[in-house]
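Remarks on the structure that follows.
Values below: all heavy atoms of this structure, side chains included; hydrogens, waters and symmetry mates excluded. What you see is a predicted model, and the numbers here were worked out from it, not measured in a lab.
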Protein chains: 2
Amino acid sequence: MKEKVKVRDRILNVATDLFYHQGFNQTGINQIIAEADIAIGSLYNHFPSKNDLLLAYLRKQEEEWFDGLEKFTQGISQPRERILKFIDYRIAQQQPDFYGCPFIKIIAEIGTQDQQVQQLVEGHKNRQRMLLQGLFQQLDYDGPVDKKLLADNFFLMVEGATVNATISRNIKALEGVKKFIKKMMA
Amino acid sequence: MKEKVKVRDRILNVATDLFYHQGFNQTGINQIIAEADIAIGSLYNHFPSKNDLLLAYLRKQEEEWFDGLEKFTQGISQPRERILKFIDYRIAQQQPDFYGCPFIKIIAEIGTQDQQVQQLVEGHKNRQRMLLQGLFQQLDYDGPVDKKLLADNFFLMVEGATVNATISRNIKALEGVKKFIKKMMA
DNA sequence: GTCTATAGAGGGATAGAC
DNA sequence: GTCTATCCCTCTATAGAC
């Protein structure tokens, strides 16, 4: 009853780990099949090309990202607290290993040529932005900038801080964003 | 008297163009020597390895980045105007072709393993951040957050907006940052 | 200092046996 | 559906002639 993990999932799990930590271009088919302990024929049976494997990887990341956020923020109803928890979630994501946002990484690696990849990444980021716009709309706030502009720029700060964490390998910038938005919402 | 451009510069110019537009890993030595119209022996005479070529590329980008900013903002003395011009500079950089920040791209591609690369990139970003901190310190501003925190988060917004421009292939986010900081400084 | 030729490894993908 | 064997291409880097 061991080895219950199906071949397809083993491939995708190994590919996910390698694409994220080594990069897509630096990960070869041969390494994937070696670490997943399967034959090359099996890989191409499940995924017609390396690009299909990339798309499956991105879809999996997308799903896990929002599932993770939901679990992380469940039980919290106040918009102000949910906004702060949003940063905490991104801080928590960076904790075990600092390799940055997988969506930003893949665009940096392969560009925006591939339309399916481009749309997956753009869609993921827009979904985050919309979620934040919704939270800020519910907020009881009356500051110098309107709520939508604040929401959009808060999103950009978090994006910038995530990139910064990847480069500098610390979460100081993310903590700074939290401090900033706390004062703005006070 | 034609062909005054030295071999070393021809190599570096071609490599710069290809590394930036195609990516480092996706650019082969063979393509570089073909487009620079030189022999492979000449390349390795000037650059001991592809990695040395990468370091030369990054140092060139660093130099040109700050030279470009200086030219772009010369004659402007008011800190408020210089801050706004900082965004305009980054908007202008994105105008001819949308390929994002070369420093962020290279970290996304090769990670932070290589210490020389990591330090070049981190140094470049810190230099930008320090420059902005200086400008905000000179500012006559009395808002809800202190100047240093505002400067750091302004930098993060611009970083986030640059990444966003790379993904979405438009400069809307950068325009949004400008609007935001204008209201904050008003 | 620039050239040609080539080494030696690894890339993605396919064919056909079982 | 999983396996092995293999094709053809490209990669970075080196050797040695000129």
Can you give me the N/O atom pairs linking the protein to nucleotides 7-11 of chain D at distances under 3.5 Å, or say none if there are none?
unit_1	atom_1	unit_2	atom_2	d
D:dC11	OP2	B:Asn30	ND2	3.3

Exercise for review: Given side-chain hydrogen bond (donor to acceptor under 3.5 Å, both in side chains), test B:Asp152 with B:Gln133 step by step and report yes or no.
Suggested key: CA-CA 7 Å; B:Asp152 281 354; B:Gln133 282 186 13; 2.8 Å; yes
Practice item. Specify the separation, in whole Å, of atom CZ of A:Arg8 and atom C1' of D:dT2. Key: 16 Å
Check your understanding: Can you tell me how far C1' of D:dG16 sits from CG of B:Asn45, to the nearest Å?
Key -> 14 Å
Point to revise | Pairing residues for B:Thr112 by the side chain to side chain donor-acceptor pair (under 3.5 Å) criterion, not counting sequence neighbours | key: A:Arg169
Check your understanding: Step by step, would you call B:Leu131 with B:Leu69 a side-chain contact (heavy atoms from CB on, under 4.5 Å)?
Key -> CA-CA 11 Å; B:Leu131 190 148; B:Leu69 179 67; 3.9 Å; yes
Review point. Can a cation-pi geometry be assigned to A:Lys50 and A:Phe24, taking NZ or CZ under 6.0 Å from the six-membered ring centre and within 45° of the ring axis?
Key: yes
Check your understanding: In whole angstrom, what separates A:Lys6's NZ from D:dG1's C1'?
Key -> 13 Å
**Study point:** d(OH, A:Tyr44; C1', D:dT6) in whole Å
**Key:** 14 Å
Review point. For A:Arg8, which residues count as a salt bridge (Lys or Arg N to Asp or Glu O under 4.0 Å) partner, sequence neighbours excluded?
Key: none
Review point. Can the positive tip of B:Lys125 be found less than 6.0 Å from the middle of the six-membered ring of B:Phe103, inside 45° of the ring normal?
Key: no
**Study point:** Under-4.0 Å salt bridge between A:Arg90 and A:Glu159
**Key:** yes
**Study point:** Rounded distance in Å - CG (A:Leu54) to P (C:dA13)
**Key:** 12 Å
Review point. Which pairs pass ring-ring contact (aromatic ring centres under 6.0 Å, His included) with one or both residues in residues 34-59 of chain A, sequence neighbours excluded?
Key: A:Phe19-A:Tyr57
Study note, to complete from the structure: NZ (B:Lys182) and CD1 (B:Ile87) are apart, to the nearest 0.5 Å, by 9.0 Å
Check your understanding: Roughly how bent is the helix from C:dG1-D:dC18 to C:dC18-D:dG1 end to end, in steps of 10 degrees, with each end axis from five pairs?
Key -> 10°
Exercise for review: Quick one: do A:Phe136 and A:Phe154 satisfy ring pair (Phe, Tyr, Trp, His ring centres under 6.0 Å)? Show the steps, please.
Suggested key: CA-CA 10 Å; A:Phe136 276 89; A:Phe154 171 68; 5.6 Å; yes
Review point. Cation over ring, A:Lys105 on A:Tyr20, under 6.0 Å and within 45°?
Key: yes
**Study point:** Length of the CG-P vector between A:Leu43 and D:dT2, whole Å
**Key:** 11 Å
Review point. Whole-Å distance between C:dA13 C1' and A:Ile11 CD1?
Key: 15 Å
Any N/O pairs under 3.5 Å between the protein and nucleotides 3-7 of chain C? List them or say none.
unit_1	atom_1	unit_2	atom_2	d
C:dC3	OP2	B:Ala39	N	2.7
C:dC3	OP2	B:Ser42	OG	3.0

Exercise for review: Measure the distance from CG on A:Leu53 to P on C:dG11 and round it to the nearest whole Å.
Suggested key: 14 Å
